[in-house]
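Residue numbers begin at 1 in each chain, while the letters A, B, ... track the order of the sequences.
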Amino acid sequence: MIQVTLKDGSRIQVEKGTTILDIAKSISEGLAREAVAGEINGTVKDLFTPVTEDCSLNILTFDSEGGKHTYWHTASHIMAQAVKRLFPGVKLAIGPAIDNGFYYDFDYERSFTPEDLQAIEEEMKKIIKEDHAVERFSLSRDKALELEKDEPYKVELINELPEDAEISFYRQGDFTDLCAGPHLPSTGKVKAIKLMQLAGAYWRGSEKNKMLQRIYGTAFPKKSQLDEYLQRLEEARKRDHRKLGRELDLFDIYEEGPGFPFFMPKGMILRNLLEDYWRKEHVKRGYQEIKTPMMLTKELWLRSGHWDNYKDNMYFVNIEDAEFAVKPMNCPGGILVFKRRLHSYRDLPQRMGELGLVHRHELSGTLHGLMRVRCFTQDDAHIFMTPEQIKDEVIGVIQLIDDFYSTFGFKYHVELSTRPEKSIGSDEMWEISTNALKEALEDRGIEYKINEGDGAFYGPKIDFHLEDCIGRTWQCGTIQLDMNMPERFDLYYIGPDGEKHRPVMIHRVVFGSIERFIAILTEHFAGAFPVWLSPVQVKILTIVEKHIPYAGEVKARLEEKGIRVELDGRNEKIGFKIREAQLEKVPYMLVIGDKEAESGHVAVRSRKEGDMGSMPLDSFLEKILNEVETKAL
RNA sequence: GCCACCAUGGCUCAGCUGGUAGAGCAGCGCAUUCGUAAUGCGCGGGUCAAGGGUUCGAGUCCCUUUGGUGGCUCCA
């Protein structure tokens, strides 16, 4: 007998060799039915794995991360099995579970069509119905290579497995695949499936390799869960900033300027409000603002290293036989500003902000609304400081970013990237700066994930990934330490000892790109921006023509207080005007009829709560001004 | 850039296996003066992304180009 400790801490005795599934059954039939895998001492295992020694065991259902992973992994095998049946010559690459489902990469003589996808899905349903048992077995390297001799990608994978690795396979009916597992015990366990899309993907993610065909799919234990998932996607589509941007007349991108967005009058209101907020907060924190030119000479970019490292992403212009580059980053300009005069250690830190429009040549296939464009405005700043000031300055930026994100109601997580293989600077400087970043994070009690070797070539960085209301994350803020540029541009300050010293530089952004941030905000709020950001905050709706004079007075009163207000005095029914204002996502509608005109009231309707009844104009003013002032969400 | 798919009036979309463009919304005009998500009637608007080809005939088939969508790579 061996002792198994369950998730709730209770212990049970089972016979050695009992499978996880049997243990689940002994706990409850329901659990056994729901179980998809088991976690033995923290490692996810197949349900048919026998338990051979004392251990802790967690029975996983679809609701857990590991459970989903197992479930989707088996679904991907079922898909591969179906594809193999329908297209015998197909070669298999890899087929993992991912965030919301799974994919499998195939190499086939012709491209799959949407009709093929249909057929594959049907075949998958058959395989599920046939309910093949899934079994696991291991082979020696030679035997494994023999078994996979017709699968060149599998052969490559096997050859790259470490000497001592177990080479395991999973078999279900007529299909066998090299796989580490774990898997569901049978194909019948998978219930609701759907193939989502077809896409090209390079073998092993490298553009030097052959492009394979990737089929994405997802699966759930219940049809209702699949429907719910599809509905969430539909919801995300409704929130798409490209659609809302056009509908709400905020911004758009035209064929005449691929990747170069246009901002409409209402979009500019939003944008200017964000920039006003940004300026105010930065002045408060001791930043100065500068503006550096859009184009600078080739020599500058040679010196900064961009010519060597970033040329493919830059645009160039010839002026009177001299070559200029349109700036892809603001730092070289900022450095010239710093260099304009001699600095004492007493002047440091110098915090110089710039809302700088940068242009980067991005591959056409990567463009995506405002999220990925070819010109965008970075809310940049460069902080020049002594090495001793690094930690405090980084903390200052971390706090600034936290303030900003919480203003919009965003949750976020933080990642720290360390020295990459290809990098410059001494070990000592890397250690100092990486530690400074760590200390700053720890000082603020912020949890962070480390991305080993993912830093910029000139220094380590902290990235802020914010999460929108439907759970997607976006990299926005970043804090990068740089010891390279000060060197290249021979920056120095005079220390207390009267000698020249090299300053350290921070590059940082909070919004990241104003354009992208606006896109994120648009999707986050589904176009219904908080009152302080709404391009139109109040819409006055008259019942009939004769109310226009009083409505005009109301409008004037609101405008006097800086409220952005529109008057809809058209000869239309009130229901129609409300519907339009609601679709325009105006936070407050003021309905003006006889009663209001006589009493000096306004009938308030909120886009969120509907009819709020009648109130004196002053009460409404107080309410909305308070919301604007507090940036209420 | 690579793979797949897509491109019809301002917007959303019909248009079967090729026979010469249609709806709703929006716009404009007229009527209606009305209390919390669509008043009625009428009118105008498209070289069917661009170019080339097949055909007696192309929105529909083929090729090229441009732009978009979803991925891959890259990234704010």
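Across all strands, A/E572 comes closer than 4.0 Å to base atoms (heavy-atom distances). In this structure, A/R237 reaches neither bases nor backbone, as no heavy-atom distance under 4.0 Å exists between it and the strands shown. Across all strands, A/G575 comes closer than 4.0 Å only to sugar-phosphate atoms, never to a base (heavy-atom distances). Among the atoms of the strands shown, none is found under 4.0 Å from any heavy atom of A/E580. Residue A/F376 is in base contact, counting any heavy-atom pair closer than 4.0 Å across all strands shown. Here A/N313 lies out of heavy-atom contact (under 4.0 Å) with every strand. Among the heavy atoms of the strands, none lies under 4.0 Å from A/V509. Among the protein residues, A/V358 comes within range of no part of the nucleic acid, since none of its heavy atoms lies under 4.0 Å from any strand. Among the heavy atoms of the strands lying under 4.0 Å from A/E596 is at least one base atom, whether or not backbone atoms are also near. Residue A/K595 is classed as a base contact, given a heavy-atom separation below 4.0 Å to a base.
Spacing between atom CE of A/M196 and atom C1' of B/C5 amounts to 15 Å, rounded to whole angstrom units. Between the OH atom of A/Y310 and the P atom of B/C75 there is a distance of 8 Å, rounded to whole Å. Between A/M589 atom CE and B/G35 atom P the separation is 18 Å, expressed in whole Å. In this structure, A/I215 places its CD1 atom 18 Å from P of B/C3, rounding to the nearest Å. The CG atom of A/L367 sits 15 Å away from the P atom of B/A76 (whole-angstrom rounding). One atom, NZ of A/K546, and another, P of B/G35, lie 11 Å apart when rounded to the nearest Å. What separates CG of A/N209 from C1' of B/C3 is a distance of 14 Å, to the nearest Å. The distance between atom CG of A/L541 and atom P of B/C34, rounded to the nearest whole Å, is 17 Å.
For the salt bridge (charged side-chain N to carboxylate O under 4.0 Å, His left out) condition, the pairs that include at least one residue of residues 586-598 of chain A, sequence neighbours left out, are A/K546-A/D594. Applying the ring pair (Phe, Tyr, Trp, His ring centres under 6.0 Å) test to every pair with at least one member in residues 593-617 of chain A, sequence neighbours left out, gives no pairs at all.
Here B/A37 is the nucleotide among B/G68, B/A37, B/U36 with the atom lying nearest to any side-chain atom of A/Q582. Minimum atom distance to the side chain of A/F576 is reached by B/A38, of the listed B/A76, B/G1, B/A38. Of the candidates B/G1, B/G35, B/U66, the closest approach to any side-chain atom of A/A603 belongs to B/G35. Checking B/U69, B/G35, B/A37 against every side-chain atom of A/I574, the shortest atom distance belongs to B/G35. Closest to the side chain of A/R605, out of B/G35, B/A76, B/A37, is B/A37.
Taking the charged nitrogens against the carboxylate oxygens, A/R232 and A/E235 have no contact shorter than 4.0 Å, which rules out a salt bridge. Remark: A/R204 engages A/E160 in a salt bridge, criterion side-chain N to carboxylate O under 4.0 Å.
Counted by atom type alone, A/Q378 and A/S513 present zero donor-acceptor pairs between their side chains at under 3.5 Å. Remark: the A/N313 side chain and the A/H361 side chain contain no N/O donor-acceptor pair separated by less than 3.5 Å. In this model, a donor atom of one side chain and an acceptor atom of the other lie less than 3.5 Å apart for A/D463 and A/T478.
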What nitrogen or oxygen pairs link the protein and nucleotides 71-73 of chain B at under 3.5 Å?
unit_1 : atom_1 : unit_2 : atom_2 : d
B/G71  : O3'    : A/Y216 : OH     : 3.0
B/G71  : O2'    : A/Y216 : OH     : 3.1
B/G71  : O6     : A/G365 : O      : 3.4
B/G71  : N2     : A/G200 : O      : 3.3
B/G71  : N3     : A/G200 : O      : 3.3
B/C72  : O4'    : A/G200 : O      : 3.3
B/C72  : O2'    : A/Y202 : N      : 3.2
B/U73  : O2'    : A/E207 : OE2    : 3.4

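Annotation: cation-pi pair A/R271/A/F263 present, NZ/CZ under 6.0 Å from the ring centroid and within 45° of its normal.
Annotation: B/A21 and B/C5 have their P atoms spaced 29 Å apart (nearest Å). Spacing of C1' atoms, B/G9 relative to B/U47, comes out at 13 Å, to the nearest Å. When the P atom is used for both B/C43 and B/G24, the distance is 12 Å, rounded to whole Å. The same atom, P, is picked in B/U12 and in B/G53; the two are 32 Å apart, to the nearest Å. With both ends at atom C1', the span from B/G15 to B/G71 equals 31 Å, rounded to whole Å.
The 5' end of RNA chain B is approached more closely, in terms of each residue's nearest nucleotide, by A/R607 than by the other of A/H368 and A/R607. Nearer the 5' end of RNA chain B, as judged by each residue's closest nucleotide, is the contact made by A/I253, out of A/K461 and A/I253.
A/I506 approaches A/V394 most closely through the heavy-atom pair CD1-CG2, 3.8 Å.
Heavy atoms of other residues, nucleotides or ligands lying less than 6.0 angstrom from CD of A/Q231 number 12 at most. Sparse packing is recorded around NZ of A/K411, with 12 or fewer heavy atoms of other residues, nucleotides or ligands lying under 6.0 Å away.
RNA chain B lies under 4.0 Å from at least one heavy atom of each of the following residues of residues 94-113 of chain A: A/S111.
Contact annotation: A/R516 side-chain N/O to B/C75 OP1/OP2 distance is not under 4.0 Å. Between A/R246 and the phosphate of B/U12, there is a side-chain N or O to OP1/OP2 separation shorter than 4.0 Å. Considering only side-chain N and O atoms, A/R579 lies nowhere under 4.0 angstrom from the phosphate OP1 or OP2 of B/C25.
Residues passing the side chain to side chain contact (heavy atoms under 4.5 Å, CB included) test with A/L300, sequence neighbours excluded: A/L296, A/T297, A/P332, A/L336, A/F489.
A/N571 contributes a side-chain N or O that forms a donor-acceptor pair with the base of B/C34 under 3.5 Å.
In this structure, A/Y588 and A/F620 have perpendicular ring planes: the angle between them is above 60°, well past the 30° mark.
Paired regions of RNA chain B, where each region holds three or more successive Watson-Crick or G-U pairs whose two hydrogen-bonding distances fall under 3.5 Å, are B:1-7 with B:66-72, B:10-13 with B:22-25, B:27-31 with B:39-43, B:49-53 with B:61-65.
Side-chain rings of A/Y216 and A/F102 stay apart, their centers remaining 6.0 Å or farther from each other.
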